[in-house]
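Position 1 is the first residue of the sequence; numbering continues from there. Predicted model, so just to flag it, every value in this text is computed and none were measured.
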Amino acid sequence: MGAMPHFCMKRLLLLFVYVIFSYGQVFAECDNWSVSGGGSAGWLWKSGAHSIPLYTGGIDAVFQGKSTSFFVSGGYAFLSSNFSALEGKADCCFFAAQAETGRFEVHFGTACFDLPGDIHILDGKPRFVFSDTNALAWRAGMTYAITDTCSIGFTGYALDADMKSGDLYYFYGKIGIPRLFGGIANFFLPFDISLYGGAFFAGLSVATNENVSLGGGESSVCFATAGKKILEYGAHTVSAMGGYAYAGFDASISVTPTTQTYAFFPYKYVHVKTNGAYHFFFLGASYAYERRRFLFHATVGYGICLQSDSMARYSYAYKKTIFFDGSSGDDFFDMPDFSYSGLIGGVVSVSYTFDYHSHFAPVLSFRKIIALPVLTDKLQKYFDSNSGSEAGASSTGFPVSANESSFDWSDVWTYLLSGLSISVRLTVR
């Protein structure tokens with residue numbers, strides 16, 4: 001897929017411009033129209049000059065006729081990280097379109113992701129390096145309104161991802177996703193009830209940097225959620241939601257001197273077999289307050305892993321040389337047990353529309369994402385034993401000092417800035 005992302009980004013931009021100008025005459029005859037553009041900046045920040053800034057920008061256009069409305073949008077996002085656990089850059093170009101006529105609504109979207117250069121993950125021991133990774137994603141779907149209060153819809157997704165080369169610490173190789181597909185169905189029922197269900201399936205491939213296959217596997221994710229608006233009084237709205245999710249994977253890898261031709265590869269063979277299954281359940285609630293040009297929205301929830309069952313077994317044999325004795329054996333990797341560990345998460349957003357003029361509407365928005373892991377003692381000890389001398393995380397998810405005896409006030413900025421995003425948008429109508 002080499003140069004595909006750069007090529008796709010240019011094509012998406014040309015497609016967006018083509019749609020706007022080619023159908024300009026049709027849009028001009030619409031009863032109502034609006035064009036808006038803006039940008040946002042967000043951070044995942046940690047004291048000590050480590051940060052992951054995310055910048056996005058885009059433009060939207062909405063056209064409404066007597067029986068048909070059309071929406072088109074396009075944009076660009078850029079992310080950079082200098083964390084020791086994740087170091088690298090990524091950019092994304094995206095395009096989406098939506099049309100409504102009568103009781104039907106159809107939508108389409110595509111995105112190109114490009115991770116140029118080297119991406120370092122867990123920059124220590126082990127360390128993984130992915131070079132020149134890129135991906136192309138698509139989505140398309142339709143919604144049909146059966147009645148004014150009842151509708152059904154489905155959206156399908158597909159993704160293809162690959163990388164030029166990689167270093168997986170134990171051997172040289174790269175990981176690819178030759179296929180990922182899935183879909184999400186939604187049902188909106190009377191009495192303000194909403195149901196969602198979906199499933200995603202992905203094929204995984206592992207190969208040498210010369211594209212010789214080393215193995216592969218399969219993974220899947222399935223989920224079902226339900227929500228209901230339980231209170232609507234004036235400008236106040238309260239909703240509740242809950243759901244279940246399952247994730248599983250199965251993979252195998254075989255490495256031999258034939259596929260690892262560098263001189264100091266010590267093994268005659270290495271075979272790895274791994275699989276896992278996880279079951280999750282979550283509950284949440286949301287509150288919204290909207291009055292004139294001001295909007296406040298807050299969502300909070302708790303998810304727990306009810307069952308965690310994973311295994312990774314490897315067998316090996318060393319070469320018989322002056323450096324190695326030709327011994328062999330098999331063992332299990334130490335896998336984390338997520339059973340009964342959970343996550344408290346929330347999103348708080350505030351926006352205000354400065355409606356100075358009937359044709360111009362600037363909007364300023366703030367959003368804060370909060371995530372606090374709640375770990376069992378067993379899982380906490382696992383992370384502590386694999387984190388070396390670095391500070392761990394308490395059972396509440398807040399970073400603490402290495403001896404876990406006192407709160408580090410230098411992390412105050414971490415809590416304030418991590419997950420915070422600011423966006424500005426201007427609408428012309």
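- Closest of all the heavy-atom pairs between L54 and A77 is CD1-CB, 4.5 Å.
- With K229 as the partner, the side chain to side chain contact (heavy atoms under 4.5 Å, CB included) test is satisfied by one option alone out of T237, V238, I193: T237.
- What you find for I253 and V206 is that their closest heavy atoms are CD1-CG2, 4.1 Å.
- Between N134 and K164, the side chains place no donor N or O within less than 3.5 Å of an acceptor N or O (distance only, hydrogens not considered).
- For A361 against T353, the heavy-atom pair with the smallest separation is CB-CG2, 4.1 Å.
- Judged by distance alone, the side chains of H236 and Y287 do bring a donor and an acceptor atom under 3.5 Å apart.
- F249 and Y278 have parallel rings, their planes meeting at less than 30° on a 0 to 90° scale where 60° marks the start of perpendicular.
- Between F200 and Y157, the ring-plane angle classifies as tilted under the 30° and 60° cut-offs.
- In this pair, Y55 and F78 present their aromatic rings parallel. The plane angle is below 30°, not in the 30 to 60° band.
- The pair K174-E210 does not count as a salt bridge, with every side-chain nitrogen at least 4.0 angstrom from each carboxylate oxygen.
- Taking the ring centroids of F282 and Y302, they lie at or beyond the 6.0 Å cut-off.
- A donor and an acceptor atom, one from each side chain of S151 and T143, are nowhere located under 3.5 Å apart.
- Residues L115 and A90 come closest through the heavy atom pair CG-CB, 3.8 Å.
- Looking only at atom types and distance, the side chain of S421 has no donor-acceptor partner in the side chain of R367 under 3.5 Å away.
- Checked for salt-bridge contact, D337 and K378 meet the test: a charged N lies under 4.0 Å from a carboxylate O.
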